[in-house]
Each structure stands twice: as structure tokens, then as C-alpha cells.
Colleague: 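Have a look at the structure that comes next, please.
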Amino acid sequence: MHSFCLFSILFAVTVTATQCASKEQPMTHFRFYMHDDFTGYTGTKPTAIRVVTMPKLSINDTSPRTFGDVAVLNNLLTKGPSHESEHLGRAQGFSVRVADGGLVNALSLHLVFEHGTFAGSSIFIQGRIPLNEPIRESVLVGGTGQFRFARGYLISENYDYNLVTGGVVEVNVYVM
């Protein structure tokens, strides 16, 4: 009798686990633009500020960014690439330059939706961002509000960007 009960319980758990694992979760895609403004080029105050500036490791280093620099971000997210496009929210977080020349960032970023369908919700992103790569991928770790228990990934690429002033980055988020 005990063997039958144990078998029944294990069978029920296996069936339930298989059903949960086999359910297709819908993938949602967002495209928006992040305005990473180090100098106030948009006519407003900067939205990304270097709070730790490390000394250059070599006199030949001409990069505007250096290994060990830390920047804090409060970047505008818009529907289109123009700063005047519909505002969706903010990209808030920080990055640490983790490679010589400051061309690779370790990024910790909250995409906070302030307007529209997802107002009050956020998505949390972590990633290694090699700035010299045309396309970068980061992991979507989770979220709040309508994105609670979310998972997925983010693809970013420069729309109009340079290392001195910042610029516009196209962001594509794929979330389940």
C-alpha cells in the first residue's frame, strides 16, 4: 500500500512539473531609446555623471573613460530617437568600467516606466557592455509591478553615440 501511495505522489508531481515546464510563455518585445547624456547636449542637465574618475594607467591613454571609473545614470527613455519623442520613463542605475581603456562596463540598470501601459512597473537589467561592439546583450533579471518574476534579455546598439558626450542608444527588450 505504501508503495502505491508513493508511486501515486511521484506520478502526480512528475505530471505537474512536466505541464509547467511545457507551457509556452509569451514573449513581449519593447523598443525604445535611451538618452545617455554626459554633457547636457540636449539642453538640459546631464543624465549620466561620472562619480569616480580613476587616473590614467598610461600617458598614451587617450580614451575619455578609464578602468575603474564609476558612472551613475538617470537617463531618459523615449519612444523614438529624438529627445522630444514621447517620454516613457527612466533608465536608472550605475556602470563600472571594468577593462583597460574603459571600453567595457559592468552595468546594473532599472528601466522604470513612468507613462503608458506599464507605468509604475520596472525591469532590472545586469550585463557586461563592451562599448566597442556594435550590438550588446544583457540579461533581464526580474522586475516589479507588471513585470514581477520577469525574465528575458536586452539588446542595445548605438543609434547616435560617442564616448565623450554620450548620445542615443536603441534598446530592444525581450521579456517573458
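We use all heavy atoms of the structure for the numbers below, so side chains are in, but hydrogens, waters and symmetry mates are not. In this chain, residues are counted from 1 in sequence order.
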Colleague: Under 4.5 Å between side-chain heavy atoms, counting indirect links through other Ile/Leu/Val/Met/Phe/Trp/Tyr residues: same cluster for Val104 and Leu107 or not?
Modeller: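 Shared cluster, no.
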
Colleague: With clusters defined by side-chain heavy atoms of hydrophobic residues (ILVMFWY) lying less than 4.5 Å apart, directly or transitively, does Leu140 cluster with Leu111?
Modeller: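 Yes: a chain of side-chain contacts under 4.5 Å links Leu111 to Leu140.
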
Colleague: Output the distance between atom CD (Glu170) and atom CZ (Phe32), rounded to the nearest 0.5 Å.
Modeller: 10.5 Å

Colleague: How many angstroms lie between atom CE of Met34 and atom CG of Leu154, to the nearest 0.5 angstrom?
Modeller: 8.5 Å

Colleague: What side-chain donor-acceptor pairs closer than 3.5 Å can you find for residues 86-97, not counting sequence neighbours?
Modeller:
from  : atom 1 : to     : atom 2 : distance (Å)
His87 : NE2    : His83  : O      : 3.3
Arg90 : NH1    : Asn74  : O      : 2.7
Gln92 : NE2    : Asn74  : OD1    : 2.9
Ser95 : OG     : Arg97  : NH1    : 3.0
Arg97 : NH1    : Asn105 : OD1    : 3.2

Colleague: Any chain of hydrophobic side-chain contacts (each under 4.5 Å) joining Val98 to Val70?
Modeller: yes

Colleague: Measure the CZ-CG distance between Phe67 and Leu103 for me, rounded to the nearest 0.5 Å.
Modeller: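 Spacing of CZ (Phe67) from CG (Leu103) equals 13.0 Å.
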
Colleague: Is there a path of hydrophobic side-chain contacts, each under 4.5 Å between heavy atoms of I/L/V/M/F/W/Y residues, joining Val72 to Leu109?
Modeller: no

Colleague: Testing the basics here: between Thr78 and Ser82, what is the closest heavy-atom pair and its distance to 0.1 Å?
Modeller: OG1-O, 3.7 Å

Colleague: With the side chain counted from C-beta on, respond yes when Val169 and Asn75 share a heavy-atom pair under 4.5 Å apart, and no when they do not.
Modeller: no

Colleague: To the nearest 0.5 Å, tell me how far Asp36 CG sits from Asn162 CG.
Modeller: 10.5 Å

Colleague: How long is the span from the OG atom in Ser156 to the CZ atom in Arg136, to the nearest 0.5 Å?
Modeller: 4.0 Å

Colleague: For Arg50 and Thr53, which heavy atoms make the closest approach, and how far apart are they?
Modeller: CD-OG1, 3.2 Å

Colleague: May I ask you to list the residues sharing a hydrophobic cluster with Ile135, side-chain cutoff 4.5 Å, ordered by chain and number?
Modeller: Met27, Tyr153, Ile155, Tyr174, Met176

Colleague: Is it true that the side chains of Asp37 and Thr47 contain a donor and an acceptor less than 3.5 Å apart?
Modeller: no

Colleague: Tell me which donor-acceptor pairs under 3.5 Å the side chains of residues 113-129 have, and how far apart each pair is, sequence neighbours excluded?
Modeller:
from   : atom 1 : to     : atom 2 : distance (Å)
Ser121 : OG     : Gln146 : N      : 2.9
Ser122 : OG     : Thr144 : OG1    : 2.7

Colleague: Compare every heavy atom of Val171 with every heavy atom of Val173, then report the nearest pair and how far apart it is.
Modeller: CG2-CG1, 3.8 Å

Colleague: Does Leu73 share a hydrophobic cluster with Leu76, counting links as ILVMFWY side-chain heavy atoms below 4.5 Å and allowing steps through other members?
Modeller: no

